[in-house]
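First listed ligand is number 1; within each ligand, the first listed atom is number 1.
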Amino acid sequence: MPVVRVLRRVACWMLQSPACGCRAPVLPSRFLGTSPRQIPMDANFHSTSFSEADQQRVLITGGLGQLGVGLASFLRKRFGKDNVILSDIRKPPEHVFLSGPFIYSDILDYKNLREIVVNNRITWLFHYSALLSAVGEANVSLARAVNITGLHNVLDVAAEHGLRLFVPSTIGAFGPTSPRNPTPDLCIQRPRTIYGVSKVHAELMGEYYYYRYGLDFRCLRYPGIISADSQPGGGTTDYAVQIFHEAVKNGRFECNLKPDTRLPMMYIDDCLRATLEVMEAPAESLSMRTYNISAMSFTPEELAQEVLKHVPELQVTYNVDPVRQAIADSWPMNFDDSNARKDWGWKHDFDLPELVTTMLNFHGSESRVAQAN
Ligand SMILES: NC(=O)c1ccc[n+]([C@@H]2O[C@H](COP(=O)([O-])OP(=O)(O)OC[C@H]3O[C@@H](n4cnc5c(N)ncnc54)[C@H](O)[C@@H]3O)[C@@H](O)[C@H]2O)c1
Ligand SMILES: C[C@@H](O)[C@H](N)C(=O)O
């Protein structure tokens with residue numbers, strides 16, 4: 001039954017992971033484009049000169065945004081200061097520049113990216129460069145270039161040099177026709193922002209490179225991330241960071257989303273720990289390459305109520321930004337992350353009360369917290 005045998009081989013290639021052993025290279029060559037991106041026929045993407053036991057050499061792209069500096073400091077504790085290179089197209093502030101290796105890297109410049117990976121013997125790449133949801137809508141062509149063309153460069157470099165690649169996705173990869181409460185890992189994804197479209201593209205391209213070329217692609221869909229010592233880069237969930245700055249600075253906060261807009265959120269420490277955990281998870285524990293992760297879900301009103309317990313004089317008003325509101329209304333309200341919990345043991349530490357206390361403590365309001373308790 002030769003037809004059945006052929007169909008079985010094709011199905012095996014399409015359905016199984018590269019680790020299954022039955023996926024002999026089905027196609028004769030691995031061309032990802034024209035020179036300089038040609039990948040030789042005999043390339044083996046798993047045969048770098050580094051084994052799992054070796055010291056990782058890490059590159060973070062887009063590292064000067066809300067999350068990258070925290071990620072670098074977290075990974076440096078694990079891999080050593082000099083083994084984690086932060087990169088961006090912006091000039092780093094002095095404390096960042098002095099805290100460990102920093103390098104200029106424009107992800108739109110493929111040769112520059114490849115040179116950095118080769119010269120620094122990079123083994124793991126965390127790809128953080130992006131234009132977020134609100135700024136993306138304000139500059140669609142730049143968002144398309146950075147989020148889509150930039151991703152292609154990163155995928156090709158990672159595949160060419162056998163890197164383990166982490167790309168964050170987002171709650172924004174879902175849209176109004178997705179189930180929103182809760183949103184599972186696998187469901188309809190028809191986002192209506194360029195940011196969301198580019199992130200669905202990233203999820204699919206990464207998974208395609210995994211199945212097609214054996215690229216070790218790992219991806220988490222982050223909720224809105226809340227951080228104390230870094231500013232958000234122009235997203236829809238930014239209000240949940242800004243309320244803390246404003247509460248402490250001047251006791252007033254004007255929210256740009258309606259009071260009952262429910263979105264999934266996470267404290268940055270949980271986000272960074274999840275990122276390292278999924279990167280270190282044994283390949284055989286990963287039943288998927290893209291996972292939802294979740295911690296809490298709240299509305300501006302609920303967040304304000306929790307902050308008011310510590311800063312009773314805080315005045316919150318609402319002045320809705322129609323662009324951000326339309327985006328938020330199309331996003332998940334609650335995120336189902338049961339697969340991450342089952343497969344690689346994901347568990348969050350911070351719920352809303354711990355988040356609020358931690359954020360206010362960081363902003364120097366310990367005295368107010370003490371007074372309120
Ligand atoms: N912050 C969140 O709440 C959140 C939630 C979900 C997913 N994510 C994802 O996590 C990643 C990091 O997010 P963030 O909040 O730090 O973003 P950010 O907007 O704060 O930072 C992005 C960085 O990318 C850099 N960048 C822009 N163009 C570049 C280019 N051509 N080459 C290299 N770098 C370039 C910018 O200079 C900036 O420092 C992004 O991919 C984002 O989509 C973030
Ligand atoms: C949710 C996330 O991807 C980002 N904070 C945004 O609002 O655009």
Side-chain angles (χ1 to χ4, degrees), residues 59-72 86-93 96 102-110 112-113 116 125-139 142-154 165-174 183 191 193-203 206 219-227 229-242 256-257 261 263-268 270-272 274-275 290 292-295 297 321 323-325 327-328 330-332 335:
L59 175 67
I60 303 169
T61 68
L64 293 184
Q66 185 194 355
L67 306 185
V69 174
L71 180 70
L86 202 54
S87 73
D88 208 299
I89 51 172
R90 294 191 279 145
K91 199 164 146 187
V96 173
F102 177 86
I103 205 163
Y104 171 87
S105 172
D106 182 349
I107 56 156
L108 295 176
D109 183 346
Y110 178 79
N112 167 249
L113 203 54
I116 291 169
L125 200 161
F126 293 79
H127 177 46
Y128 269 10
S129 312
L131 261 64
L132 302 192
S133 56
V135 288
E137 289 313 294
N139 196 340
L142 184 62
R144 201 178 56 184
V146 173
N147 296 8
I148 298 179
T149 309
L151 172 90
H152 293 168
N153 289 340
V154 166
L165 173 64
F166 179 83
V167 179
S169 185
T170 162
I171 48 173
F174 297 93
T183 306
T193 59
I194 186 62
Y195 179 60
V197 169
S198 70
K199 289 294 185 177
V200 177
H201 178 74
E203 294 175 7
C219 174
L220 296 179
R221 295 192 190 103
Y222 293 164
I225 305 300
I226 298 166
S227 57
D229 58 352
S230 55
Q231 289 287 344
T236 302
T237 58
D238 293 6
Y239 89 87
V241 180
Q242 277 149 1
N256 54 21
L257 292 182
T261 311
L263 291 168
M265 301 279 183
M266 181 177 283
Y267 185 56
I268 187 166
D270 274 340
C271 165
L272 301 181
T275 302
T290 300
N292 293 351
I293 51 165
S294 181
S297 183
D321 168 6
V323 173
R324 282 184 168 84
Q325 188 64 49
I327 294 173
S330 74
W331 281 2
F335 230 20

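- Residue contacts with ligand 1, taken as heavy atom pairs separated by less than 4.0 Å, do not involve Ser87 at all.
- In this structure, Gly224 counts as a contact residue of ligand 1, since one of its heavy atoms falls inside 4.0 Å of the ligand.
- Counting only heavy atoms of the protein, atom 1 (N) of ligand 1 lies nearest to Gln66 OE1, 2.9 Å.
- A donor-acceptor contact closer than 3.5 angstrom is absent between the side chains of Ser133 and Thr193.
- Side-chain contact between Val200 and Pro191 is present, with heavy atoms from C-beta onward closer than 4.5 Å.
- Summarising the geometry, atom CD1 belonging to Ile171 is positioned 8.5 Å from atom CD1 belonging to Ile225; distances are rounded to the nearest 0.5 Å.
- Glu137 places a side-chain heavy atom less than 4.5 Å from the side chain of Ile327.
- Leu257 has its side chain within reach of Gln325: a pair of non-hydrogen atoms, C-beta onward, lies under 4.5 Å apart.
- With sequence neighbours excluded, the residues that form a salt bridge (charged side-chain N to carboxylate O under 4.0 Å, His left out) with Asp321 are Arg324.
- Using modelled atom types, one finds no donor on one side chain facing an acceptor on the other under 3.5 Å when comparing Glu203 with Thr290.
- Taking 4.5 Å as the limit, every side-chain heavy atom of Pro223 sits out of range of all side-chain heavy atoms of Leu263.
- In this structure, the side chains of Asn147 and Ile194 stay at 4.5 Å or more apart for every pair of heavy atoms.
- Distance CG/Asp88 to OG/Ser129: 6.5 Å, rounded to 0.5 Å.
- Nearest to atom 5 (C) of ligand 1 among the protein's heavy atoms is Pro223 O, 3.2 Å.
- Looking only at protein heavy atoms, the nearest one to atom 37 (O) of ligand 1 is Asp88 OD1, 2.7 Å.
- Which parts of ligand 1 touch Ser105 is read off a 4.0 Å heavy-atom cut-off, strictly below it: atoms 32 (N), 33 (C).
- If you check which protein heavy atom lies closest to atom 3 (O) of ligand 1, you get Ile225 N, 2.9 Å.
- With respect to atom 40 (C) of ligand 1, the closest heavy atom belonging to the protein is Tyr128 O, 3.2 Å.
- Under a 4.0 Å heavy-atom criterion, Ile107 is in contact with ligand 1.
- Contact of the Leu131 side chain with the Tyr195 side chain is not registered, since no non-hydrogen atoms from C-beta on lie closer than 4.5 Å.
- Nearest protein neighbour of atom 41 (O) of ligand 1, counting heavy atoms only, is Lys199 NZ, 2.9 Å.
- Of the protein's non-hydrogen atoms, Leu132 CD2, 3.9 Å is the one closest to atom 17 (O) of ligand 1.
- At least one heavy atom of Ser169 lies less than 4.0 angstrom from ligand 1.
- Proximity to Thr170 (heavy-atom distance under 4.0 Å) selects the following atoms of ligand 1: 6 (C), 7 (C).
- Heavy-atom contacts of Gly233 reach the following atoms of ligand 1: 19 (O), 20 (O) (cutoff under 4.0 Å).
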Table of N or O contacts for ligand 2, cutoff 3.5 Å:
{"residue": "ligand 2", "atom": "3 (O)", "partner": "Thr170", "partner atom": "OG1", "Å": "2.8"}
{"residue": "ligand 2", "atom": "3 (O)", "partner": "Tyr195", "partner atom": "OH", "Å": "2.6"}
{"residue": "ligand 2", "atom": "5 (N)", "partner": "Thr237", "partner atom": "OG1", "Å": "2.8"}
{"residue": "ligand 2", "atom": "7 (O)", "partner": "Ser133", "partner atom": "OG", "Å": "3.4"}
{"residue": "ligand 2", "atom": "7 (O)", "partner": "Thr236", "partner atom": "N", "Å": "2.6"}
{"residue": "ligand 2", "atom": "7 (O)", "partner": "Thr237", "partner atom": "N", "Å": "3.2"}
{"residue": "ligand 2", "atom": "7 (O)", "partner": "Thr237", "partner atom": "OG1", "Å": "3.4"}
{"residue": "ligand 2", "atom": "8 (O)", "partner": "Ser133", "partner atom": "N", "Å": "3.2"}
{"residue": "ligand 2", "atom": "8 (O)", "partner": "Ser133", "partner atom": "OG", "Å": "2.6"}

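- Here the CG atom belonging to Leu125 is positioned 4.5 Å from the CG atom belonging to Leu59, to the nearest 0.5 angstrom.
- The protein heavy-atom contact nearest to atom 23 (C) of ligand 1 is Gly62 O, 3.4 Å.
- Judged by the shortest distance from any of its heavy atoms, Gly150 lies outside the 4.0 Å radius around the atoms of ligand 1.
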Exercise for the section: Kindly indicate, with the supporting measurements, whether the criterion side-chain contact (heavy atoms from CB on, under 4.5 Å) is fulfilled by Leu67 and Phe126. Expected result: CA-CA 11 Å; Leu67 306 185; Phe126 293 79; over 6 Å; no
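- Any N or O atom pair closer than 3.5 Å counts here, and Gln231 shares no such pair with ligand 1.
- Geometrically, ligand 1 and Gly65 share a nitrogen or oxygen pair separated by less than 3.5 Å.
- At a threshold of 4.5 Å between non-hydrogen side-chain atoms, the residues Leu71 and Phe166 do not count as touching.
- Within the listing of ligand 1, atoms 9 (C), 10 (O), 11 (C), 41 (O) sit less than 4.0 angstrom from a heavy atom of Pro168.
- Below 3.5 Å of separation, one finds no N or O of Ile89 facing any N or O of ligand 1.
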Practice task
With side-chain contact (heavy atoms from CB on, under 4.5 Å) as the test, would you mind laying out the steps for Ser105 and Leu113 before giving the verdict?
Solution key: CA-CA 6 Å; Ser105 172; Leu113 203 54; 3.5 Å; yes
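- In this structure, OH in Tyr267 is found 10.0 Å from CD1 in Ile226, a value given to the nearest 0.5 Å.
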